[in-house]
Protein chains: 2
Amino acid sequence: MSTQADPAHLLRQAGLRVTRPRLEVLAAVHRHPHAVTDEICAAARERLGTLSHQAVYDVLRALADAKLVRRIQPSGSVARYEARVGDNHHHLVCRVCGGIEDVDCAVGERPCLTASEDHGYLIDEAEVVFWGVCPGCLALDSASAVPWAPPATTHPSP
Amino acid sequence: MSTQADPAHLLRQAGLRVTRPRLEVLAAVHRHPHAVTDEICAAARERLGTLSHQAVYDVLRALADAKLVRRIQPSGSVARYEARVGDNHHHLVCRVCGGIEDVDCAVGERPCLTASEDHGYLIDEAEVVFWGVCPGCLALDSASAVPWAPPATTHPSP
DNA sequence: TCTCTAGTCTTGACTCATTCAAGATAACCT
DNA sequence: AGGTTATCTTGAATGAGTCAAGACTAGAGA
């Protein structure tokens, strides 16, 4: 019980069999925070040679259920995964390029916020997404008029 | 300039042409808060007789761009729309049945929260989603063991 | 170490929300 | 009223994600 962070141990602790696809997918999520399924799939394939699309979906679901990865899905984006779990941090999303940054949660433990009315719900998490424009897109935006049309939502009007 | 809240006026103010599909879709969003596109489509068709799927998507996008409706999309759900705009309220989502409730924002104006680090982003909104289990599902959950399997995420373990 | 078996992975087809494209229609300006 | 152009209809396409059936293999017991 020396290496608590050993990926194989983590899998076993979660009651999951240790397989190369699972180890590589987990490693890929660590290497590529906020990556989409396809990117994780590609990264794992680089190591494994071959890995089915379906296996990646299955593994990611198993890892997410086991809380070894966290699934996030900002509006308008497909599912993304990150390996930073347990600290209930939040996210900063660029409306223009879709870039994502982690933001530490001041409170840390979930739920970090209390709803003004709980409507009788048993609340266990407050998920916060900060929307804005990243420095890179801000620079482009002030340089040229409209570099590329923003995806769905428009910029905040002055 | 008597009825500022007149739907036709609102459309015109936003630079949008006033059409029956737009009026009916807007009314449908008012009548069915948090409805998905298909439900809005069905509701509007009840009044109009016929309305294409594509028109509903176009109209909803136009209305959302004009800030006459707000598009929300909790993880794992398809896009939903609501007519309550401008007050930057938040949402309470049931992990079991997917039910959604509005939660007033104590601050009101956007962004209601400040990120601990902004990474240079120009932040204009803090979107908060409270996740939990609604009273109805809580009751079912304590009555029987597992009524239906929760969609993706599992309940908080004891 | 060998064998068995349930849990995993592969393959391939499928669903369904959403988008694209082209032509018909109708709202608004003059 | 007439022309312009945004909007709507129709029909097909995209793409993330899922389902299903069979092959494979990690891990437990002999």
Side-chain angles (χ1 to χ4, degrees), chain A residues 7-26 28 34-42 44-45 47-66 68 71-81 98 149-153, chain B residues 7-26 28 34-42 44-45 47-66 68 71-81 98 149-153:
Chain A
H9 278 196
L10 291 174
L11 286 172
R12 246 185 288 267
Q13 276 176 11
L16 297 172
R17 288 191 182 170
V18 178
T19 67
R20 287 218 57 206
R22 283 178 172 173
L23 290 171
E24 289 304 342
V25 166
L26 186 52
H34 313 134
V36 301
T37 310
D38 231 38
E39 291 162 353
I40 295 167
C41 192
R45 274 184 183 147
R47 307 287 188 93
L48 288 174
T50 175
L51 180 63
S52 74
H53 206 185
Q54 183 62 41
V56 175
Y57 275 100
D58 286 348
V59 169
L60 285 172
R61 171 176 300 187
L63 294 178
D65 285 350
L68 295 180
R71 175 192 163 121
I72 59 175
Q73 188 175 18
S75 285
S77 167
V78 298
R80 291 168 180 275
Y81 296 85
T153 340
Chain B
H9 278 197
L10 291 174
L11 287 172
R12 244 184 290 264
Q13 275 174 12
L16 297 173
R17 289 186 181 173
V18 179
T19 67
R20 284 217 58 204
R22 283 178 171 172
L23 290 172
E24 290 303 341
V25 166
L26 186 52
H34 313 135
V36 301
T37 311
D38 231 38
E39 292 162 352
I40 294 166
C41 192
R45 275 182 183 149
R47 307 287 188 94
L48 287 173
T50 176
L51 180 63
S52 75
H53 207 185
Q54 182 61 43
V56 175
Y57 275 98
D58 286 348
V59 169
L60 285 172
R61 171 176 299 188
L63 294 178
D65 285 350
L68 294 180
R71 175 191 164 122
I72 59 175
Q73 189 174 19
S75 285
S77 167
V78 298
R80 291 170 179 273
Y81 295 86
T153 339

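Residue numbers start from 1 in every chain, and the chains themselves are labelled A, B, ... in the order their sequence lines are given, proteins ahead of strands.
Summary for the helix from C:dT1-D:dA30 to C:dT30-D:dA1: the axes at its two ends, each from 5 pairs, differ by 40° when rounded to the nearest 10 degrees.
For the residue pair A:Arg47 and A:Arg20, the shortest heavy atom distance occurs at O-NH2, 4.1 Å. The two residues B:Pro21 and B:Leu51 make their nearest non-hydrogen contact at CB-CD1, 3.7 Å. A:Leu26 and A:Pro7 get closest at one heavy-atom pair: CD2-CB, 4.2 Å. Heavy atoms only, all atoms of each residue included: A:Leu68 and A:Ala14 are closest at CD1-CB, 4.5 Å. In plain terms, the two heavy atoms of B:Leu23 and B:Ala8 that are nearest each other are CD2-N, 3.9 Å.
Dashed line: the shortest gap from a side-chain N or O of B:Thr37 to OP1 or OP2 of C:dT18 is under 4.0 Å.
The line from CZ of A:Arg80 to CG of A:Leu60 is 13.0 Å long, rounded to the nearest 0.5 Å. In this structure, CG on B:Leu63 lies 13.0 Å from CZ on B:Arg71, to the nearest 0.5 angstrom. Rounding to the nearest 0.5 Å gives a distance of 12.0 Å between CD of A:Glu39 and NE2 of A:His34.
Heavy atoms of A:Val59 sit under 4.0 angstrom from primed sugar atoms or phosphate atoms, though from no base atom. At a threshold of 4.0 angstrom between heavy atoms, the contacts of A:Ala79 are confined to the sugar-phosphate backbone, with no base atom among them.
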Which nucleotides of nucleotides 19-30 of chain C have their base under 4.0 Å from a protein heavy atom (B), which only their sugar-phosphate (S), and which neither (-), written as one string 5' to 3'? BB------BS--
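Rounded to an integer number of Å, the gap from B:Leu60 CG to C:dT18 P is 10 Å. The CD-C1' distance, from B:Gln73 to D:dG17, rounds to 14 Å in whole Å. At whole-Å resolution of the value, CG in B:Leu11 and P in D:dC8 are 10 Å apart. Distance B:Leu51 CG to D:dT7 P: 15 Å, rounded to the nearest Å. Per the geometry, CZ belonging to A:Arg22 stands 11 Å off P belonging to C:dG7, to the nearest Å. In this structure, A:Asp38 places its CG atom 9 Å from C1' of D:dA16, rounding to the nearest Å. Nucleotide C:dT8 holds its P atom 18 Å from the CD atom of A:Glu24, rounded to whole Å. Look at CD on A:Glu39: it is 15 Å from P on D:dG15, rounded to the nearest Å.
For A:Ser52, taking side-chain heavy atoms from C-beta onward, the closest of the listed nucleotides C:dC9, C:dT10, D:dC8 is C:dT10. For A:Ala55, counting side-chain heavy atoms from C-beta on, the closest listed nucleotide (C:dT10, D:dC8, D:dG17) is C:dT10.
Formation of a donor-acceptor pair under 3.5 Å by the B:Arg22 side chain with backbone atoms of B:Arg17 is found in this model.
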